[in-house]
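What follows is one structure encoded as structure tokens, with my remarks underneath.
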Amino acid sequence: MTNAGENFKSKITAYVLACWILAAFGGLMFGYDIGISGGVTGMDDFLIKFFPKVHERKLHAKENNYCKYDDQLLQLFTSSLYLAALVASFGASKACSKLGRKPTILMASAFFIAGAALSATAEHKWILILGRILFGIGVGFGNEAVPVFLTEIAPVQHRGAVNILFQLFVTIGILIANLVNYGTSTMHPNGWRASLGLAAVPAVILFVGSLVITETPASLVERGKDADGKAALKKIRGVDDVDAEYEQIKIASETARQVQKPFRNLMKKASMPPLIIAIVMQVFQQFTGINAVMFYAPVLFQTVGFKADASLLSAVITGLVNVSSTFVSIFTVDKLGRRKLLLQACVQMFISQMAIGGILLFHLGETGTLNKNLGIVVVVLVCTFVMSFAWSWGPLGWLVPSETFPLETRTAGFAFAVSSNMLFTFLIAQVFLSMLCHMRAYIFFFFSAWILVMGLFVVFLLPETKGVPIDLMVERVWKQHPVWKRFFSNDPRSYEMA
Ligand code: BGC
């Protein structure tokens with residue numbers, strides 16, 4: 001297939017397809033981790049070995065639908081990974097710009113392999129925690145480098161779809177983790193070791209993959225390797241005539257090369273629009289409440305009255321819905337655009353959350369269970385919620401921040417997206433069960449209110465980035481937007497030069 005959008009020619013070759021898929025394994029590492037932790041911390045063997053007091057408390061917990069699993073220490077174990085990733089993303093941004101996207105992806109996989117090895121063989125709590133930290137650094141490096149890598153090597157007319165491969169692999173990772181936990185939960189006493197150790201599988205694939213994939217042309221040219229950059233561009237476009245696109249990368253890299261302090265430049269007025277959008281997209285992504293479902297689906301389903309096994313099965317169903325709905329986004333994001341998907345999803349997520357809240361409020365007290373039919377309705381509503389997240393805020397939370405920064409602040413700016421994601425994932429992981437305990441059904445109204453706010457944000461503040469070449473975003477998107485153009489009025493792009 002040859003495309004000539006923006007006069008840039010390209011063919012999708014087997015090599016470029018391999019690059020997309022191999023890099024996307026970075027998403028699988030992240031997703032596996034999101035999915036695995038909740039199950040592992042629920043395993044008795046694991047609790048007895050590392051958190052005996054928590055296990056004691058679990059045995060004698062007072063039966064209350066909303067407060068069964070509220071335990072700060074255990075939640076801290078789960079969420080410590082996200083704190084490590086938060087800090088690591090800034091180091092990853094440096095690695096990404098100074099060494100390149102490819103070596104940063106390689107480092108991510110190495111950290112992850114080390115984390116899996118330590119966690120799977122841990123005999124002491126501190127080794128286990130060290131393993132968590134290594135996993136976290138791996139996630140920080142992978143989530144920084146992979147979305148930027150995919151966005152930079154994608155042809156403009158397929159950029160959304162290619163970037164969303166990252167999110168697709170996140171969802172596959174979550175689903176695989178749920179299935180693995182299902183299998184290992186009956187392997188006594190070392191099931192948890194298998195669950196944590198198997199994280200090495202995607203990491204090894206990513207490690208090998210990172211040796212095979214190309215460096216991105218933008219990163220090569222930015223680091224002064226012009227000839228290599230042009231050769232890489234020819235290779236990923238599958239055609240010889242890449243002059244028009246190469247010229248644009250060259251112009252973008254001239255500015256980038258002169259900017260010595262990307263983080264300081266990110267604080268300039270002209271950098272505010274993409275920076276605000278990057279942070280807000282990620283914060284809102286988490287305030288949809290998605291990770292309340294992803295981390296705690298089995299707990300949630302037990303809360304509404306399913307037995308342990310049935311609730312795990314329901315979690316697998318939501319996992320499948322999550323994977324399959326991501327394809328909707330892959331096939332529509334470059335046609336419908338980003339804004340339409342986000343807005344449609346706000347409506348669907350709002351209705352789903354309000355309905356779940358309403359059912360729980362009127363039909364589930366502190367004790368007792370929902371009747372079977374209402375339980376099923378709740379599962380269906382969770383599915384309609386997950387479905388709309390999966391074709392909107394899930395993938396676009398990563399896509400939009402990776403495509404809106406100019407080259408000179410791209411990796412530094414994207415680090416803020418990654419760290420905001422990690423910070424708010426941490427907060428949700430840490431406080432959700434306590435919030436559920438205190439707010440009960442009202443927690444779903446809390447998330448619904450945020451969904452309203454994010455809908456308004458899209459209407460008024462989010463520009464459409466579909467089909468705009470990545471190096472023309474400032475001119476074609478930010479300087480044209482009714483609100484954001486003010487940031488450029490008398491300060492076209494006054495970056496601090498070396
Ligand atoms: C989010 C994760 C979430 C996942 C669900 C990702 O985009 O960053 O926090 O668990 O989507 O599929």
Side-chain angles (χ1 to χ4, degrees), residues 24 26-39 78-79 81-83 85-86 89 135-136 139-140 142-144 146-147 150-151 160 163-179 278-298 300 315-330 333 338 341-342 345 349 352 382-402 414-432 447 450 454:
L28 210 144
M29 293 189 334
F30 176 41
Y32 188 84
D33 220 279
I34 292 171
I36 211 74
S37 315
T78 305
S79 51
L81 180 150
Y82 300 97
L83 283 185
L86 190 168
S89 61
F135 271 141
V139 166
N143 284 25
E144 167 76 21
V146 171
L150 290 171
T151 290
N163 178 282
I164 293 174
L165 289 175
F166 172 76
Q167 173 72 11
L168 179 69
F169 276 63
V170 171
T171 60
I172 295 174
I174 296 174
L175 178 64
I176 293 178
N178 280 329
L179 294 170
I279 294 175
V280 168
M281 286 292 294
Q282 287 287 1
V283 174
F284 282 173
Q285 188 204 56
Q286 291 306 312
F287 273 121
T288 57
I290 186 67
N291 279 328
V293 177
M294 289 301 138
F295 294 144
Y296 303 116
L300 268 182
V316 170
I317 294 174
T318 52
L320 280 171
V321 169
N322 196 15
V323 175
S324 51
S325 309
T326 307
F327 283 99
V328 174
S329 188
I330 291 183
V333 72
R338 287 56 169 154
L341 285 174
L342 291 167
M349 290 192 298
S352 311
V382 169
C383 287
T384 57
F385 165 73
V386 168
M387 182 188 295
S388 46
F389 174 88
W391 62 55
S392 62
W393 292 85
L396 301 186
W398 297 102
L399 167 63
V400 174
S402 77
F414 196 69
F416 279 87
V418 178
S419 53
S420 308
N421 178 284
M422 297 305 153
L423 178 64
F424 283 84
T425 306
F426 164 78
L427 287 176
I428 298 273
Q430 192 64 28
V431 302
F432 173 73
F447 288 130
W450 277 105
M454 55 189 86

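Keep in mind that what you see is a predicted model, and the values were worked out from it rather than measured. Both ligands and their constituent atoms are indexed starting at 1 by order of listing.
Between Trp398 and Phe166, the angle of the ring planes goes over 60°, which puts this pair in the perpendicular group of the 30/60° scheme.
Side-chain contact between Ile428 and Ile290: absent, with no pair of heavy atoms (C-beta onward) separated by less than 4.5 Å.
No side-chain donor-acceptor contact under 3.5 Å links Ser325 to the backbone of Asn322.
With sequence neighbours left out, the side chain to side chain donor-acceptor pair (under 3.5 Å) criterion links Asn421 to Gln282, Gln285, Thr425. By the side-chain contact (heavy atoms from CB on, under 4.5 Å) test, Ser37 pairs with Asp33, Thr78, Arg132, sequence neighbours left out. Under the rule for a side chain to side chain donor-acceptor pair (under 3.5 Å), the partners of Trp391 that lie at least two apart in sequence or sit in another chain are Gln344.
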Report every pair formed by an N or O atom of ligand 1 and a protein N or O atom separated by less than 3.5 Å, giving atom names and the distance to 0.1 Å.
unit_1: ligand 1; atom_1: 7 (O); unit_2: Gln167; atom_2: OE1; d: 2.7
unit_1: ligand 1; atom_1: 7 (O); unit_2: Gln167; atom_2: NE2; d: 3.4
unit_1: ligand 1; atom_1: 7 (O); unit_2: Gln285; atom_2: NE2; d: 2.9
unit_1: ligand 1; atom_1: 7 (O); unit_2: Gly394; atom_2: O; d: 3.3
unit_1: ligand 1; atom_1: 7 (O); unit_2: Trp398; atom_2: NE1; d: 3.0
unit_1: ligand 1; atom_1: 8 (O); unit_2: Gln285; atom_2: OE1; d: 2.9
unit_1: ligand 1; atom_1: 8 (O); unit_2: Trp398; atom_2: NE1; d: 3.4
unit_1: ligand 1; atom_1: 8 (O); unit_2: Asn421; atom_2: ND2; d: 3.0
unit_1: ligand 1; atom_1: 9 (O); unit_2: Gln286; atom_2: NE2; d: 3.0
unit_1: ligand 1; atom_1: 9 (O); unit_2: Asn291; atom_2: ND2; d: 2.7
unit_1: ligand 1; atom_1: 10 (O); unit_2: Asn291; atom_2: OD1; d: 2.5
unit_1: ligand 1; atom_1: 11 (O); unit_2: Gln167; atom_2: NE2; d: 3.0
unit_1: ligand 1; atom_1: 12 (O); unit_2: Gln167; atom_2: NE2; d: 3.4
unit_1: ligand 1; atom_1: 12 (O); unit_2: Asn322; atom_2: ND2; d: 3.0

